[in-house]
Amino acid sequence: MTESRSLTPATARRIALAAQGFADKRPSGPPTRRHLRKTLDRVQVLQLDSVNVAVRAHYMPVFSRLGAYDRALVDDAAWSHSTRRPRLLVEYWAHMAALLPVEDWPLMRWRMQDYERSGGHWAAIADANPALVEDILSVVKEYGPIGAGKLEDVLGGSGGGRGKPKGGWWNRSQVKVVCEWLFLIGVLTTGARVNFERRYDLPERVVPPEIYAAPAPDAETAVRELVRRSALAHGIGTEPDLRDYYRLKPERSKPALAELVDAGELEPVHVRGWRLPAYVHPEARVPRAVRGRALLCPFDPLVWFRERTERLFGFHYRIEIYVPEPKRVHGYYVFPFLLDGELVARVDVKADRAAGVLRVPGAFAEPGTDHARVALELSEELKLMADWLELDGVAVGDKGDLSSALSALCG
């Protein structure tokens with residue numbers, strides 16, 4: 001048996017950064033749909049999250065890699081469709097609630113079937129109210145894309161004169177639960193979002209017909225492909241890393257990983273200091289250096305698995321949204337700052353739209369960093385982010401060892 005290659009942590013870090021697009025220069029002009037597609041091919045998944053303190057989570061990873069871009073690029077890719085500009089993304093549960101390439105819809109059918117088989121509270125409500133399921137699907141077919149609130153109005157008899165479908169005056173919370181259940185099992189999907197509200201539609205009207213009609217692979221084949229895509233997005237990762245990207249269970253991911261290794265599609269390697277074996281995708285690049293800067297939201301694919309973040313960068317990172325304010329160490333919604341391949345600082349960020357400024361209540365340097373250079377680069381990236389969000393400037397608070405220098409540069 002051949003002994004696996006040994007890599008330094010620095011090499012592993014550069015591989016990971018290149019796989020996520022951070023070894024590429026940002027476009028010199030306004031990013032286009034082509035640039036977006038290239039980014040999506042790298043990251044595979046854009047996580048959705050309801051938090052809107054700075055900017056919605058699915059927009060930020062694209063900014064981190066491409067710089068200032070028109071957010072309509074993502075909106076059009078995810079929630080509009082025409083023969084000239086076909087939809088690129090569809091919503092489903094991947095890492096968490098996420099946007100993923102429309103081509104991946106068949107790869108998720110096993111998960112939809114798993115949800116349907118496993119049942120649970122939501123399924124029990126749907127099973128107990130078959131007429132409600134029928135009514136919801138009838139209304140979505142007629143009105144869709146339609147939000148849960150509008151659905152409740154129609155089912156409650158205030159549907160704008162079109163009449164109420166045959167059925168009961170349904171409990172409003174039951175309508176939402178059943179919609180989400182139908183979303184989980186793939187009977188409904190998201191046709192559009194307006195002010196982040198999900199507008200439900202039938203998947204056959206959202207997913208391109210040739211993809212919707214494509215036969216679904218069996219669970220083992222689909223999981224193996226998801227592990228392969230996870231490895232492409234990681235460049236290098238341990239089995240738990242690769243499993244986490246699509247939130248796979250170990251009893252599914254481990255056999256899939258073993259098959260990919262046996263087929264020569266992934267290479268086992270040893271990274272010095274890592275407790276578990278790592279696996280490298282054959283297309284992974286190993287740049288000699290990684291230059292550039294980026295602010296990373298808490299849900300960026302590079303840092304969303306905190307154990308890997310600490311292993312790759314020596315950066316202990318936890319989101320503190322749910323921590324009581326007096327106990328927060330760094331702030332409510334903290335962004336790591338990437339500079340030349342290292343995580344060198346973290347900043348608490350809030351878009352104050354009423355005042356027209358990007359607020360930075362706290363800014364903290366990592367130990368051993370050059371504070372002056374970090375503050376300079378960080379100030380430029382914050383100014384770029386403020387301009388991208390159509391804010392007038394950056395207002396820095398007084399928390400953290402970078403705040404004074406940063407304030408002077410942003411003032």
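Quick note: numbers below take in every heavy atom, side chains included, and nothing from hydrogens, waters or symmetry partners. Position 1 is the first residue of the sequence; numbering continues from there.
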Could you measure the distance from the [atom1] atom of [X] to the [atom2] atom of [Y]? Nearest 0.5 Å is fine.
X	Y	atom1	atom2	result
Cys179	Leu184	SG	CG	11.5 Å
Leu73	Thr32	CG	OG1	7.5 Å
Thr189	Leu202	OG1	CG	10.0 Å
Asp348	Arg346	CG	CZ	11.5 Å
Glu380	Met385	CD	CE	15.0 Å
Ser6	Arg272	OG	CZ	4.0 Å

Partners meeting ring-ring contact (aromatic ring centres under 6.0 Å, His included) with [X] (sequence neighbours left out):
X	value
Phe337	none
Phe22	none
Tyr200	none

SB check [X] [Y] (cutoff 4.0 Å):
X	Y	answer
Arg109	Asp114	no
Arg14	Glu342	no
Glu103	Arg37	yes
Glu91	Arg193	yes
Asp76	Arg71	no
Lys327	Glu320	no
Lys150	Asp153	no

Problem set entry | Result of checking Arg293, Arg13, Arg373 against Asp340 for salt bridge (Lys or Arg N to Asp or Glu O under 4.0 Å) |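 With Asp340 as partner, Arg293, Arg13, Arg373 yield a single salt bridge (Lys or Arg N to Asp or Glu O under 4.0 Å), made by Arg373.
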Exercise. Angle class for the Phe364/His330 ring planes (parallel below 30°, perpendicular above 60°, tilted otherwise)?
Worked result: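 Taking His330 first and then Phe364, their aromatic rings stand perpendicular (interplane angle over 60°).
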Please report the shortest heavy-atom distance between [X] and [Y], naming the atom on each side.
X	Y	value
Ala365	Thr369	CB-OG1, 3.6 Å
Arg56	Asn195	NH2-O, 4.4 Å
Leu66	Leu36	CD1-N, 4.1 Å
Ala386	Gly393	CB-O, 3.8 Å
Met108	Leu226	CE-CD2, 3.9 Å
Phe196	Leu48	CE1-CD2, 4.2 Å

Are any non-hydrogen side-chain atoms of [X] and [Y] less than 4.5 angstrom apart?
X	Y	result
Ile136	Leu188	yes
Ile15	Arg285	no
Leu107	Tyr92	no
Leu151	Asp135	no
Leu378	Leu406	yes
Thr238	Pro277	no
Tyr317	Glu310	no
Ile211	Pro106	yes

Exercise. With sequence neighbours left out, what residues match Asp300 under salt bridge (charged side-chain N to carboxylate O under 4.0 Å, His left out)?
Worked result: Arg65
Kindly check if the number of other-residue, nucleotide or ligand heavy atoms within 6.0 Å of [atom1] ([X]) is above 12?
X	atom1	result
Glu251	CD	yes
Glu210	CD	yes
Arg275	CZ	no
Glu134	CD	no
Lys399	NZ	no

For this session: Check the pair Tyr245 / Val43 against side-chain contact (heavy atoms from CB on, under 4.5 Å), numbers first and verdict last.
Result: CA-CA 10 Å; Tyr245 213 72; Val43 302; 4.2 Å; yes
[X]/[Y] aromatic ring centres below 6.0 Å:
X	Y	answer
Trp79	His58	yes
Tyr115	Trp122	no
Tyr212	Trp105	no
His35	Tyr69	no

Problem set entry | Stepwise salt bridge (charged side-chain N to carboxylate O under 4.0 Å, His left out) test for Glu152 and Lys176 | CA-CA 8 Å; Glu152 291 162 353; Lys176 179 64 175 176; over 6 Å; no
Between [X] and [Y], do the side chains contain an N or O donor and an N or O acceptor separated by less than 3.5 Å?
X	Y	answer
Thr8	Thr11	yes
Thr190	Arg198	yes
Tyr143	Asp201	no

For this session: Show the numbers, then the answer: is there a side-chain contact (heavy atoms from CB on, under 4.5 Å) between Glu180 and Val178?
Result: CA-CA 5 Å; Glu180 287 300 294; Val178 171; over 6 Å; no
Exercise. After noting the C-alpha distance and the side-chain angles of Tyr246 and His95, does the key distance pass the ring pair (Phe, Tyr, Trp, His ring centres under 6.0 Å) rule?
Worked result: CA-CA 4 Å; Tyr246 290 97; His95 179 74; 8.7 Å; no
Problem set entry | Derivation of the salt bridge (charged side-chain N to carboxylate O under 4.0 Å, His left out) call for Arg252 and Glu259 | CA-CA 11 Å; Arg252 289 197 184 275; Glu259 290 173 12; over 6 Å; no
Problem set entry | Residue pairs passing the salt bridge (Lys or Arg N to Asp or Glu O under 4.0 Å) test where at least one lies in residues 230-245, sequence neighbours excluded | Glu239-Arg243, Asp241-Arg308, Asp241-Arg311, Asp244-Arg247
For this session: If a pair satisfies salt bridge (Lys or Arg N to Asp or Glu O under 4.0 Å) and one of its residues is in residues 228-237, list it, with sequence neighbours excluded.
Result: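 Pairs touching residues 228-237 that pass the test: Asp104-Arg229, Glu225-Arg228, Glu225-Arg229, Arg228-Glu265.
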For this session: Tell me, with the steps shown, if Tyr59 and Asp75 meet side-chain hydrogen bond (donor to acceptor under 3.5 Å, both in side chains).
Result: CA-CA 9 Å; Tyr59 293 123; Asp75 293 340; 2.5 Å; yes
